[in-house]
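Have a look at the structure below, then the notes.
So you know, we letter chains A, B, ... as the sequences are listed, proteins then strands, and number each from 1. All values reported here derive from a predicted model rather than from experimental measurement.
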Protein chains: 2
Amino acid sequence: MGNNHENLNTVFQALADPTRRAVIQHLTSGPASITELAKPFEMALPSFMKHIGVLEDAGLIRSKKIGRVRTCEIKPKQLTAAETWINKQTAQWEGRMARMASFVEALGAEGQDD
Amino acid sequence: MGNNHENLNTVFQALADPTRRAVIQHLTSGPASITELAKPFEMALPSFMKHIGVLEDAGLIRSKKIGRVRTCEIKPKQLTAAETWINKQTAQWEGRMARMASFVEALGAEGQDD
DNA sequence: GTGATTGTTACCCATTCGACTAAGTATATA
DNA sequence: TATATACTTAGTCGAATGGGTAACAATCAC
């Protein structure tokens, strides 16, 4: 049963890094090996591997080693869980806005411009 | 012009903490003061204030002090930016899945169960 | 079987994070 | 005016993060 609370921590934490987001993005177009994924980054392999570990711990990717090559692929379920959480918040906020609008046309609505 | 890249860092980072997510959630049902927001947490005020600072730096909330009370409200634009990023990834992945399915009915599809 | 590839393990290091306390400021309220 | 309320500032501390090197497997390709 959904113990999202803990997982959302690690999922959002994982997404908070540009290297890791780039890896996710890369993997959306298909599985890839570690070295292939690491190629765009000027980073030592062990450092890069830590990012892979964070993504895997967050449940955003899975990986399997065949021969000497470890192949990674995306596992979009947790990504969806994060999206769902955000969606719920914006929906609740929009609901409140709608209710507010039904009471008042303009509340001197200096708007929420940013 | 959209330099999301930097902001997504701080936004996801901000969402990676349960206290901060709870604050967001609280604020979706309307503005609130610092002490009101802090009430559910067993945490010293200065500690809690740092969370507010993180949320504000990420552009997820805004706050204004009137008298001795600082009132916070949600600013859902950045939340939407995060959602958009995730959406883009899942869409790309689903697109690939659809294209794959058009080539093969079943690729011994031991399914992506988790 | 030598040598290049592809990870992996084991550490180190600086910085950031998240929590704390102690003390200060600024406004209400009695 | 005195006191309580609502933050605010400043500084400490341990743990986690994000990077690095060095050395070690374990394949594969010749």
Side-chain angles (χ1 to χ4, degrees), chain A residues 5-27 30-74 78 82, chain B residues 5-27 30-74 78 82:
Chain A
H5 308 308
E6 282 233 354
N7 256 1
L8 282 177
N9 291 1
T10 62
V11 169
F12 281 127
Q13 180 64 44
L15 296 179
D17 185 281
T19 300
R20 293 192 292 255
R21 283 199 307 278
V23 168
I24 294 283
Q25 183 143 42
H26 187 140
L27 290 178
S33 73
I34 298 283
T35 36
E36 189 185 339
L37 287 169
K39 203 157 290 171
F41 305 101
E42 289 182 357
M43 192 183 293
L45 238 299
S47 307
F48 183 77
M49 288 291 295
K50 283 188 194 171
H51 288 298
I52 297 294
V54 171
L55 288 169
E56 204 157 8
D57 288 348
L60 287 164
I61 71 172
R62 62 158 49 142
S63 76
K64 192 179 185 183
K65 195 169 184 176
I66 296 171
R68 61 183 167 179
V69 173
R70 177 173 296 277
T71 301
C72 303
E73 72 178 313
I74 204 170
Q78 300 295 46
Chain B
H5 309 309
E6 282 233 353
N7 255 0
L8 282 177
N9 291 0
T10 63
V11 169
F12 282 128
Q13 180 64 45
L15 296 179
D17 185 283
T19 300
R20 294 193 289 258
R21 281 200 308 278
V23 169
I24 294 283
Q25 182 143 42
H26 186 141
L27 290 178
S33 73
I34 298 284
T35 35
E36 189 185 339
L37 287 169
K39 202 157 293 170
F41 305 101
E42 289 182 359
M43 192 183 293
L45 237 301
S47 308
F48 184 76
M49 289 292 294
K50 282 190 194 172
H51 288 299
I52 297 294
V54 170
L55 288 168
E56 205 157 8
D57 289 348
L60 288 165
I61 70 171
R62 63 160 47 142
S63 76
K64 192 179 184 182
K65 196 169 185 177
I66 296 171
R68 63 183 166 178
V69 173
R70 178 173 295 278
T71 301
C72 302
E73 71 177 314
I74 205 170
Q78 300 294 49

Item to check | Considering all heavy atoms, the nearest B/Ile74-B/Leu60 contact | outcome: CG1-O, 3.6 Å
Next on the checklist: With no hydrogens and no angle check, just 3.5 Å: does a side-chain donor-acceptor pair link B/Ser63 and B/Glu56?
Outcome noted: yes
Checklist entry - For A/Asp57 and D/dT17, what is the distance between atoms CG and P respectively, to the nearest whole Å? => result 10 Å
Next on the checklist: Taking atom types as they are modelled, would you say the side chain of B/Ser47 forms a donor-acceptor pair with the base of C/dG18 within the 3.5 Å cutoff?
Outcome noted: no
Checklist outcome for this item: From CD of B/Glu42 across to C1' of C/dG18 the rounded distance in Å is 16 Å
Next on the checklist: Taking the nucleotide of DNA chain C with the nearest heavy atom to each, does B/Leu45 or B/Val54 sit closer to the 5' end?
Outcome noted: B/Val54
Checklist entry - Can you check the B/Asn9 CG to D/dG18 P distance for me, whole Å? => result 10 Å
Under-3.5 Å N/O pairs linking protein and nucleotides 10-16 of chain D:
none

Item to check | Pairwise 5' ranking along DNA chain D for A/Asp17 and A/Gly67, keeping only the more 5' one | outcome: A/Asp17
Checklist entry - How long is the line joining CD1 of A/Ile52 and P of D/dG18, in whole Å? => result 13 Å
Checklist entry - What is the distance from atom CG of B/Leu8 to atom CG of A/Asp17, rounded to the nearest 0.5 Å? => result 12.0 Å
Checklist entry - Given atom CD1 of A/Ile66 and atom P of D/dC28, what is their separation to the nearest angstrom? => result 10 Å
Next on the checklist: Pair B/Ile61, B/Leu27 - check side chain to side chain contact (heavy atoms under 4.5 Å, CB included), show working.
Outcome noted: CA-CA 9 Å; B/Ile61 70 171; B/Leu27 290 178; 3.7 Å; yes
Checklist entry - Atom CE of A/Met49 and atom P of D/dA25: how far apart are they, to the nearest Å? => result 17 Å
Item to check | B/Thr35 side chain near D/dC7 phosphate (N/O to OP1/OP2, under 4.0 Å) | outcome: yes
Item to check | Residue pair A/Ile24, A/Arg20: steps toward the side chain to side chain contact (heavy atoms under 4.5 Å, CB included) verdict | outcome: CA-CA 6 Å; A/Ile24 294 283; A/Arg20 293 192 292 255; 5.7 Å; no
Item to check | Flag side-chain contact, heavy atom, 4.5 Å: A/Ile52 against A/Leu37 | outcome: yes
Next on the checklist: Below the 4.0 Å mark, does C/dA26 have OP1 or OP2 next to a side-chain nitrogen or oxygen of B/Lys65?
Outcome noted: no
Next on the checklist: Heavy-atom nearest nucleotide on DNA chain D for A/Thr19 versus B/Ile34: which residue maps closer to 5'?
Outcome noted: B/Ile34
Next on the checklist: Rounded to whole Å, please give me the gap between NZ in B/Lys64 and C1' in D/dT8.
Outcome noted: 20 Å
Item to check | Euclidean distance, atom NZ of residue A/Lys39 to atom C1' of C/dT6 [Å, nearest integer] | outcome: 12 Å
Checklist entry - When you measure from the side chain of A/Arg70 to the backbone N and O of A/Ile34, does any donor-acceptor pair fall under 3.5 Å? => result no
Checklist entry - C/dG7, D/dG20, D/dC7: which one has an atom nearest the side-chain heavy atoms of A/Ala44? => result D/dG20
Checklist entry - Counting only distance, no hydrogens or angles, is the base of C/dT6 paired donor-acceptor with the side chain of A/Arg68 under 3.5 Å? => result no
Next on the checklist: Can you tell me if A/His51 touches the phosphate of D/dG19, counting only side-chain N or O atoms and a distance under 4.0 Å to OP1 or OP2?
Outcome noted: yes
